[in-house]
Amino acid sequence: MASRSDTKSSTGRTSNPSNNRGAAEQSKTITLPDHITVRDLADTMSVSPIDLIKELMNAGIMANINQVLDHDTAAIVAEDMGYQIEEPEPEESEPLVEEMPIEAIRRREYSEEELKLLRERPPVVTILGHVDHGKTSLLDVIRATNVQAGEAGGITQHIGAYQIETNGRRITFLDTPGHEAFTAMRARGAQATDIAVLVVAADDGVQPQTREAIDHARAAQVPIIVAINKIDLPSANQDRVQQQLSDIGLVPEDWGGDTIMVPVSAKMKQNIDSLLDMILLVSDLAEFKANPQRTAEGIVIEGRLERSRGATATLLVQEGTLKVGDALVIGEIYGKIRAMSDHTGKNIRRATPSMPVVVLGLRDVPDAGDHFEVVADDRKARNIAEDRAAARDQQVTRHPSALSLEELYAQVQAGAVETLNLILKADVQGSIEPIRDSLERLEIGELRVKFIHEGVGNIAESDVNLAVASDAIVIGFNVNVEPSAERVADIEGVQIRTYNIIYRLIEDVQLAMTGMLEPEVREVVQGQAVVRQVFRVSRLGAVAGVQVTEGRALRNARVRVKRNNAVLHDGPVSSLKRFTEDVREVNTGYECGVGVANYDDFEEGDILEFYTEEVVQP
């Protein structure tokens with residue numbers, strides 16, 4: 001593109017000749033992104049930000065150094081300052097923008113001899129989506145049964161697996177209560193799903209749970225097929241749904257993208273055959289295969305204890321052929337298959353790859369997501385299970401395998417990590433955008449930040465499960481961590497970091513990427529007390545007469561004063577007395593007087609939460 005240093009630009013203004021002459025002497029070619037700040041544009045052109053701001057003012061644009069310019073504005077100003085703009089070559093989409101290509105799906109490694117024994121197997125499909133967009137209704141129609149009518153509130157109550165036949169071919173469906181269960185199984189190492197069908201209601205569009213389901217399916221690296229449901233409703237708007245999905249990276253094939261979208265109506269049984277045809281098409285392209293002749297193995301879909309039959313388990317066969325009489329090992333559980341039935345309850349003798357079956361004969365109930373394998377006989381199965389149980393008993397502590405911010409730099413130096421996977425939860429959507437934009441601009445060497453999931457609300461157990469499955473770190477801004485999430489994070493070694501100042505969050509991530517992060521300071525709640533009476537002391541101000549209800553009150557702690565679940569003050573303990581004596585601590589059940597620095601607005605019924613801060617060394 002030719003420089004326009006001596007001509008009038010397309011904005012209708014006259015360029016500054018002196019600036020253009022200087023720039024023309026060292027004319028360069030630059031590439032510009034869709035959006036760029038004034039500071040970054042100045043750095044790209046190797047000019048002073050002040051000169052650039054002056055040029056923008058000449059163009060009638062009042063901008064500061066942090067102002068974001070669109071591509072066209074930046075290009076015009078850069079050309080007027082003597083630069084040529086080179087359009088970047090189209091880049092391949094990141095996995096988080098488009099779903100993984102079918103050919104990139106992880107496959108089992110086979111020997112050359114075993115490759116000859118591979119046979120086509122049915123695809124395993126999971127249906128995901130918002131809670132009331134019609135997942136179960138769609139599955140009801142597909143498998144021609146009415147499960148929903150017998151379930152409380154019309155919501156799926158448990159995980160099941162079903163196999164249907166269409167056009168002479170079979171498809172296996174996993175019926176899950178949502179993406180949380182889908183990811184919980186992945187967090188246990190269970191790669192069960194081949195294809196994800198995302199159900200979106202045509203009248204309701206993309207909802208927060210829809211976005212979460214998409215993030216979880218992308219993290220699983222499975223292709224996504226969109227079923228736009230409820231097209232029979234007068235308020236249905238298919239174009240609006242497609243636009244919303246395009247905005248988050250799922251572009252319909254009709255619009256030049258590569259996401260298959262099928263309009264359906266579960267209620268009217270409309271276009272169901274088309275959806276099944278698309279599933280088979282994706283399956284053909286992916287070439288899902290297994291070896292039916294090897295020793296059987298697979299995963300547990302669900303386990304339960306039945307009064308009449310004892311421990312039962314729904315198993316999904318992934319390799320080999322499972323037979324009645326086989327000896328099984330599932331973690332620390334073993335048994336011998338006494339009976340086996342398909343999803344309709346019919347007794348069968350054999351189960352081939354991708355087939356879900358219910359088995360009897362286990363010594364205990366296994367967990368969903370556990371891996372099962374067939375061994376030579378009962379004795380070997382028992383020995384393996386007992387050895388695993390003994391190994392677990394000897395393992396006093398679990399060593400976290402997940403990455404932490406403190407360990408990040410060492411992993412980068414060793415070449416083990418190229419992206420920092422983050423799960424971001426914030427109090428409002430308006431907080432997410434500046435955090436995401438700032439972190440995405442961080443580039444330290446080859447290391448980049450990649451968002452696995454972002455959402456509004458407290459950090460939940462499903463966020464931690466997704467972090468386990470994606471080797472991610474969970475970051476929260478102005479949110480709390482649910483107790484169940486804390487428990488799972490502690491067990492799995494997932495790091496959760498919470499902040500209430502944006503620049504501190506961004507600074508910590510940047511310092512971690514450069515290996516300069518200071519040790520983490522962790523809050524430890526020591527105890528809780530309730531205010532029974534308020535005393536006025538001339539020298540000390542207001543003193544709260546409290547009863548310790550949990551843990552202990554400490555003299556060297558800090559205190560949060562809470563009223564109706566709202567924090568009114570946070571400060572150090574200034575005094576702690578039992579009767580007239582100063583004490584270091586007061587245990588549960590005892591009464592004491594508490595003074596808090598710079599606070600005297602106590603009321604009866606207030607809750608005092610005592611906590612200390614501990615430094616966690618890397």
Side-chain angles (χ1 to χ4, degrees), residues 178-189 208 212 215-216 219 367-369 395-408 420-427 431-432 435 451-501 504-505 508-509 512 517 519-529 549-552 554 557-560 562 565-567 570 588 607-618:
H179 55 266
E180 292 91 347
F182 173 81
T183 302
M185 290 183 67
R186 284 195 57 250
R188 297 177 65 86
E212 290 184 29
D215 289 339
H216 287 238
D367 293 327
Q395 186 179 3
V396 178
T397 59
R398 176 180 180 137
H399 298 285
S401 58
L403 181 67
S404 69
L405 279 181
E406 289 82 5
E407 300 166 344
L408 175 64
L420 171 57
N421 294 336
L422 295 180
I423 293 170
L424 174 63
K425 298 298 288 289
D427 52 347
S431 299
I432 290 177
I435 295 173
F451 285 93
I452 301 298
H453 172 64
E454 55 194 50
V456 174
N458 289 335
I459 295 169
E461 184 177 344
S462 63
D463 299 314
V464 178
N465 279 327
L466 182 56
V468 174
S470 308
D471 293 325
I473 294 168
V474 183
I475 290 182
F477 178 74
N478 276 345
V479 295
N480 296 320
V481 183
E482 295 180 0
S484 60
E486 285 185 340
R487 287 194 298 270
V488 176
D490 185 55
I491 293 170
E492 299 292 348
V494 171
Q495 187 176 43
I496 299 176
R497 297 180 75 103
T498 57
Y499 300 85
N500 53 22
I501 301 174
R504 174 62 68 182
L505 185 160
D508 269 11
V509 174
L517 185 65
E520 178 186 359
V521 177
R522 179 182 300 169
E523 291 183 358
V524 179
V525 175
Q526 298 290 348
Q528 187 170 284
T549 55
E550 294 180 23
R552 54 185 182 160
L554 296 179
R558 292 180 65 88
V559 172
R560 291 190 187 92
K562 296 181 177 180
N565 292 324
V567 177
D570 187 328
T588 302
I607 301 297
L608 304 188
E609 184 179 75
F610 296 82
Y611 71 94
T612 56
E613 295 180 337
E614 296 182 357
V615 176
V616 182
Q617 294 293 340

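- Of the inter-residue distances, the one linking N500 atom CG with F477 atom CZ reads 7.0 Å to the nearest 0.5 angstrom.
- In terms of heavy-atom proximity, D463 sits nearest to I423 at O-CD1, 3.4 Å.
- In this structure the side chain of N465 reaches within 4.5 angstrom of the side chain of V488, judged on heavy atoms.
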Discussion item. Between R504 and Y499, is the side chain to side chain donor-acceptor pair (under 3.5 Å) condition met? List the steps.
Written reply: CA-CA 7 Å; R504 174 62 68 182; Y499 300 85; over 6 Å; no
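- In this structure, the separation between OG on S462 and NE2 on H216 is 5.5 Å, given to the nearest 0.5 Å.
- With sequence neighbours excluded, the residues forming a side chain to side chain donor-acceptor pair (under 3.5 Å) with D427 are S431, N478, listed by chain and number.
- Note that NE2 of H453 and CG of L466 are 7.0 Å apart. Values are rounded to the nearest 0.5 Å.
- Between S470 and N421 the shortest heavy-atom distance is O-ND2, 2.9 Å.
- Considering CD of E613 and CD of E523, their distance stands at 6.0 Å, rounded to 0.5 Å.
- The pair E454-K425 does not meet the salt-bridge criterion, since no charged nitrogen lies less than 4.0 angstrom from a carboxylate oxygen.
- Minimum interatomic distance between V494 and A467 (heavy atoms only, all atoms of both residues): CG1-CB, 3.8 Å.
- The minimum heavy-atom distance linking Y611 with R560 is given by the pair CD2-NH1, 3.5 Å.
- The two residues I452 and A472 come nearest to each other via the heavy atoms CG1-CB, 4.3 Å.
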Worksheet entry | Trace of the side chain to side chain contact (heavy atoms under 4.5 Å, CB included) decision for R558 with T612 | CA-CA 6 Å; R558 292 180 65 88; T612 56; over 6 Å; no
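- When atom types are taken as modelled, the side chain of T588 and the backbone of G551 share a donor-acceptor pair closer than 3.5 angstrom.
- Looking at heavy atoms from C-beta onward, I475 lies in side-chain contact with V509 at the 4.5 angstrom threshold.
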Discussion item. Show, in sequence, the C-alpha distance, side-chain angles and deciding distance for L424 and I435, and conclude whether the side chain to side chain contact (heavy atoms under 4.5 Å, CB included) test is met.
Written reply: CA-CA 9 Å; L424 174 63; I435 295 173; 3.8 Å; yes
Fill in: Verdict with supporting geometry, Q495 and V474, side chain to side chain contact (heavy atoms under 4.5 Å, CB included)
CA-CA 6 Å; Q495 187 176 43; V474 183; over 6 Å; no
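- In this structure, the separation between CZ on R487 and CD on E482 is 10.0 Å, given to the nearest 0.5 Å.
- The two residues V464 and I496 come nearest to each other via the heavy atoms CG2-CD1, 4.0 Å.
- Side-chain contact between T498 and V481: present, with at least one pair of heavy atoms (C-beta onward) separated by less than 4.5 Å.
- Here E609 contributes atom CD and E550 contributes atom CD; the two are 9.0 Å apart, rounded to the nearest 0.5 Å.
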